[in-house]
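Accompanying notes for the structure given below.
First the proteins, then the strands, lettered A, B, ... as listed; each starts at 1.
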There are 2 protein chains.
Amino acid sequence: MYERKTPLTIDCGLHLTREVLSGKWKPALLNAISMDIKRPSEMLRLLPGATRRVLNVQLRELEGHGLVEKKTYPQLPPKVEYSLTEVGWSLMPVIDAMNQWGDANRSHLETVITQDPKINETSKSACKIYRQMAADRKIG
Amino acid sequence: MYERKTPLTIDCGLHLTREVLSGKWKPALLNAISMDIKRPSEMLRLLPGATRRVLNVQLRELEGHGLVEKKTYPQLPPKVEYSLTEVGWSLMPVIDAMNQWGDANRSHLETVITQDPKINETSKSACKIYRQMAADRKIG
DNA sequence: CAGAATCCACCAGGATACTG
DNA sequence: CAGTATCCTGGTGGATTCTG
């Protein structure tokens with residue numbers, strides 16, 4: 001049984017974290033950047049289903065919230081690199097925890113999510129795509 | 001500097017976790033239930049801004065995803081109690097991590113969030129409300 | 001006290017096309 | 001390669017009202 005270490009307030013910390021982390025691709029983006037995937041085109045490739053526009057929007061929000069930094073190289077063709085700020089890095093354990101929990105409970109989650117009538121097919125099969133991609137990377 | 005322990009896939013675990021945790025009040029609800037706040041009326045009181053309907057909807061989703069269990073006592077007035085499932089409990093470290101990160105970076109987050117033009121006043125002041133409530137609880 | 005039924009506003013996010 | 005401008009729609013979550 002899980003035992004909480006410190007008694008906490010109702011929602012305040014959660015509220016702040018959610019405010020900053022809410023956005024379909026934000027956790028994935030932070031994760032990607034932490035894995036040295038720092039250029040927009042790379043992220044775009046690794047996040048099938050995400051649009052340029054949406055990625056830009058969310059990256060700008062992350063930047064505005066002080067989680068990532070953007071470096072623009074004034075050259076042709078343009079080059080942009082994102083990196084995590086100190087605050088951004090401090091969030092990584094949380095991201096990792098989410099990632100690991102999702103992986104650890106994959107079978108259960110896939111079942112309940114797949115049964116969920118609200119989830120559309122795209123979302124349902126998203127994980128399969130990611131897994132396939134991971135497999136491809138191993139082969140390649 | 002934060003060092004990742006295990007190299008991870010791009011998004012799969014994150015994807016699953018987000019699917020299950022997305023919803024304005026879900027983390028707070030899980031947190032509340034873990035703190036033995038298990039009756040709808042209590043949650044309603046502790047989550048100012050949340051509606052009965054929305055709470056019901058999100059609780060039903062959490063239930064459908066196997067994170068919480070609902071026990072209905074067939075009596076008058078009706079009594080309902082929620083509790084975490086095993087899977088739900090396994091998620092608590094993640095919730096705690098989010099909560100603690102938000103608390104730890106409160107000043108920074110409040111600043112950037114308050115400056116964010118997209119955030120409405122309600123959201124901006126939410127944390128103040130929670131803090132006030134926490135203070136009140138200490139006094140009471 | 002718990003909850004279902006409506007109705008609705010808003011915005012996140014996707015599609016598309018265009019510029020430097 | 002990177003970014004922006006429009007346009008559009010689906011869903012989330014809020015307000016209100018009504019039942020057991």
What integer distance in Å separates [X]:[atom1] from [N]:[atom2]?
X     : N      : atom1 : atom2 : value
B:K38 : C:dA2  : NZ    : P     : 14 Å
A:K24 : C:dA12 : NZ    : P     : 14 Å
A:Q75 : D:dG3  : CD    : P     : 13 Å
B:R52 : D:dT17 : CZ    : C1'   : 14 Å
A:E19 : C:dC11 : CD    : P     : 13 Å
A:E81 : D:dG3  : CD    : C1'   : 17 Å
B:K79 : C:dC1  : NZ    : P     : 13 Å

Which of residues 54-62 of chain A have a heavy atom under 4.0 Å from DNA chain C?
-> A:V54, A:Q58
Base, sugar-phosphate, or nothing for [X], non-hydrogen atoms under 4.0 angstrom?
X     : result
A:R39 : sugar-phosphate
B:P78 : base
A:R53 : base

If you take all heavy atoms of [X] and [Y], which pair is closest and at what distance?
X     : Y     : answer
A:L44 : A:L55 : CD1-CD2, 3.5 Å
A:M98 : A:P27 : CE-CB, 3.9 Å
B:I33 : B:S83 : CG2-CA, 3.7 Å

Of A:L76 and B:Y82, whose nearest nucleotide on DNA chain C comes first from the 5' end?
-> B:Y82
Which comes earlier along DNA chain C counting from the 5' end, the contact point of B:P77 or that of A:G23, where each point is its nearest nucleotide?
-> B:P77
A:H15 side, atom NE2; B:K24 side, atom NZ - distance, nearest 0.5 Å = 8.5 Å
From B:L67 atom CG to B:L84 atom CG, the distance as rounded to the nearest 0.5 Å | 8.5 Å
Donor-acceptor pair, side chain of A:E81 and main chain of A:K71, under 3.5 angstrom = no
Please confirm whether the backbone N or O of A:K79 pairs with a side-chain atom of A:R39, one donor and one acceptor, at under 3.5 Å?
-> no
Quick one: is A:K70 getting a side-chain N or O under 4.0 Å of the D:dG3 phosphate, OP1 or OP2?
-> yes
OP1, OP2 of C:dA2 versus side-chain N and O of B:S41: anything below 4.0 Å?
-> yes
